[in-house]
Every structure is written in structure tokens, then in C-alpha cells.
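So that the names make sense, note that chain A is the first sequence line, chain B the second, and so on, each numbered from 1.
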Number of protein chains: 2
Amino acid sequence: MTHCHTIIETLRQKGYRLTPQREMILETIAHSGNHMTADEIIAQVRTRTQAVNIATVYRTLEMLVDEGLACQTDLGDGKVIYATLQHGPHVHLVCKLCRQVIDADYEMLSPLNEQLLQKFGFSADLQHISIFGVCTQCKKGE
Amino acid sequence: MTHCHTIIETLRQKGYRLTPQREMILETIAHSGNHMTADEIIAQVRTRTQAVNIATVYRTLEMLVDEGLACQTDLGDGKVIYATLQHGPHVHLVCKLCRQVIDADYEMLSPLNEQLLQKFGFSADLQHISIFGVCTQCKKGE
DNA sequence: TTTACTGCAAATAATTTGCAAAACT
DNA sequence: AGTTTTGCAAATTATTTGCAGTAAA
């Protein structure tokens, strides 16, 4: 809730209107403490009220990403997940078999970040990154 | 062409049929020496003949990826690119402004690969990875 | 009151699929 | 000949958009 209020305050200051839809969408993402797809978000919100449309969810998410208040990660298999920035930067380890998403610490990527900058002058967005592979459990189960 | 023939030989050995469509698609990707989207591939092939359908392109690409003969990379903005493995593993640095794709050497990722394996038991597919960010030219142009 | 925001339904866009006809081997 | 593979058109899926009505400020 606290984190949620921070975002709401920020939006208000930027001149956005605070609609119940936006509040509910925000609360849902922030509260879950996890990454969610647009579909998951609307499903969750609809346990509370029918008064939200999927188009509004997409428009709200786009706004949050544009304002730097949420991060968007493409999981590759046609799924895009969103999360608020409460946990700070991290890496998404996506298991391509079970589709589980593990969060790893961002620190792991600092050396890479520096190398990319030095060798290519490339400023990488490593806070949004998804790394695909196979998790421990799935390796055993094979 | 040489590289192309290797792939064709491999496919034949695996029991796949060698159709002109598959040959043309393969030649196009291998020849370009670059990453291409399904759309770019069919556009290129169609400068030679009309006798290829987009569904066939997708089916061929899927087969190549399944057989480990091509790699597939999701660029995030709704584009998926494909390339044959002639250049060996590499990292795709995608500029989110100009959409240019720079190839970086895979070696850069070895330490990360090891860490992911040690800390999480996660076998990462780093040969398919896309890293988003802003390239030198775009940084200047801003 | 003003103008941003929402819902709805239609539009996109990329990819996938069913099925009959064509063509490798 | 027998089975794979293709083309076509329709289906799918996720997302976007136009527009008229609703509601923050």
C-alpha cells in the first residue's frame, strides 16, 4: 500500500487523473509483489469489480512504463509481464519448460554492463532483462 | 553456399525432404549473413519466385530452430529474428531507438553463465539472448 | 466546465492451423 | 506409392485504436 501511494502521488503530480480503475490496477500489481501479465491483472481486478476493461489495463500499463514507474519484460512466448519497481532492478530467469520466473540479483550483471559500455558504447537496459533457460527442477525431471 | 549445404545435408540425414521452398529459405538466411524476420525472408525469396507462402516460411523456421540449426531471437517490439548458426553463438545488442542489432561476442557472457549455474542451477540459453539498450549513435543524437 | 479517461467493438499484426492438393523419395 | 510438405484461407492471440459517453479536476 505504501509503495502504491507513492506511485499514485507521483502520477497526481505529473497531472494524471486518479481514476478508480488506475488505482485498482496499481494496487493489484504492487500488491502481488510479482510480475503479472495484462490478463492476470484484469482477472485479479475483476474479482473485485467488473468495471474495468482490458483496454484500460493496457493503457495504464503503457503509462506506467512511460513514466518509469513499472517495468515491462517480454518473456518471449508471446507473454509480456509487468511489475512495479518496488524491488529495484533484477534479472528474470525464465524457465522455458515450466515457464517459472526466478528473480536474480542485478549485481550479477554489473560487469557485463561495464563491458558493453566500454567495448560498444552500448548503454544496456539490464533491469528489464529476461534470460531464458532451464531451471533445476526441470533439468531433474527430464 | 557451403554452410548452406551443410545444413541441407544434415536435414536430409534426419529424414526431412528437400523442397525448393526450404532450399530458398535456407539460402536466403544463410546468405544474408544476418538476422532476418519472417517477413524479410519471404520478401527476399519473392524477388526470385512467387512460389513460397508465409506459412511455409514459419514452418521451415520452426523446424530449423527445433533441429538446432537456427537461432530465434525475440526483439521485444513484436519482431522475431532468425539466423543460421554460421557465426557461432553471440549476443544481440538491440538499440531500442534505431532498432539496429549489434552482434557481440559470446565470451562476454561466460562468467554470467557460470554464476547462474552455480547460484541457481539455471542453465541459461545465452546464445539466444537479446540485450536492449541505446547504441552510441543514438546517444549522441539525443 | 473542461478535457482526460473509459468502455466498447472493430482493427491490427504476427503467427498458427486444418485440410485438400502437390511433390519429394 | 506412400508420406511429407505446401498453399490457402480461416482461426488465434495479444494488443491497439476510434469514437462517443463519463467523470476527474
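Rounded to an integer number of Å, the gap from A/Ile54 CD1 to C/dC8 C1' is 13 Å. As rounded to whole Å, 8 Å separates atom P of C/dC5 from atom OH of A/Tyr16. As rounded to whole Å, 18 Å separates atom P of D/dG21 from atom CD of A/Gln21. Look at CZ on A/Arg46: it is 9 Å from P on C/dG7, rounded to the nearest Å. Computed from coordinates, the A/Asp39 CG to D/dT16 P distance equals 13 Å when rounded to whole Å. The CE atom of A/Met24 sits 16 Å away from the P atom of C/dC5 (whole-angstrom rounding). Per the geometry, CD1 belonging to B/Ile81 stands 15 Å off P belonging to C/dA14, to the nearest Å. In this structure, B/Ile8 atom CD1 and D/dT5 atom C1' are separated by 16 Å, rounded to whole Å.
With C/dA4, C/dT25, D/dA14 as the candidates, the nucleotide lying closest to the side chain of A/Tyr58 is D/dA14. Side-chain proximity of A/Pro20 to the nucleotides D/dT6, D/dA24, C/dT6 is greatest for D/dA24. Here D/dT6 is the nucleotide among D/dA25, C/dC8, D/dT6 with the atom lying nearest to any side-chain atom of B/Thr56. Looking at the side chain of B/Val80, the nearest of the listed nucleotides C/dT6, D/dT3, C/dT15 is C/dT15.
At D/dT6, one or more side-chain N or O atoms of B/Arg22 fall inside 4.0 Å of OP1 or OP2 (strictly under the cut-off). OP1 or OP2 of D/dT3 has not a single side-chain nitrogen or oxygen of B/Arg17 nearer than 4.0 Å. The shortest distance between the side-chain N/O atoms of A/Asn53 and the OP1/OP2 oxygens of C/dC8 is below 4.0 Å. Residue B/Thr19 places no side-chain N or O under 4.0 Å from the OP1 or OP2 atom of D/dT5.
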Verdict with supporting geometry, B/Thr136 and A/Phe122, side chain to side chain contact (heavy atoms under 4.5 Å, CB included): CA-CA 6 Å; B/Thr136 321; A/Phe122 189 83; over 6 Å; no

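Follow the hydrophobic side-chain contacts under 4.5 Å out from B/Leu75 and you never reach B/Leu126; the two are in separate clusters. In terms of hydrophobic clustering, with Ile, Leu, Val, Met, Phe, Trp and Tyr side chains grouped at heavy-atom distances under 4.5 Å, B/Val101 and B/Ile129 are assigned to different clusters. Note: the hydrophobic cluster containing B/Val91 also contains A/Leu93 (ILVMFWY, side chain heavy atoms under 4.5 Å, direct or indirect links).
A donor N or O paired with an acceptor N or O is not found under 3.5 Å between the base of D/dT5 and the side-chain atoms of B/Arg59.
Using a 4.0 Å heavy-atom distance criterion, A/Leu18 is classed as a sugar-phosphate-only contact.
The pair A/Arg48-A/Glu27 meets the salt-bridge criterion, with a side-chain N (NZ, NE, NH1 or NH2) lying under 4.0 Å from an Asp/Glu carboxylate O.
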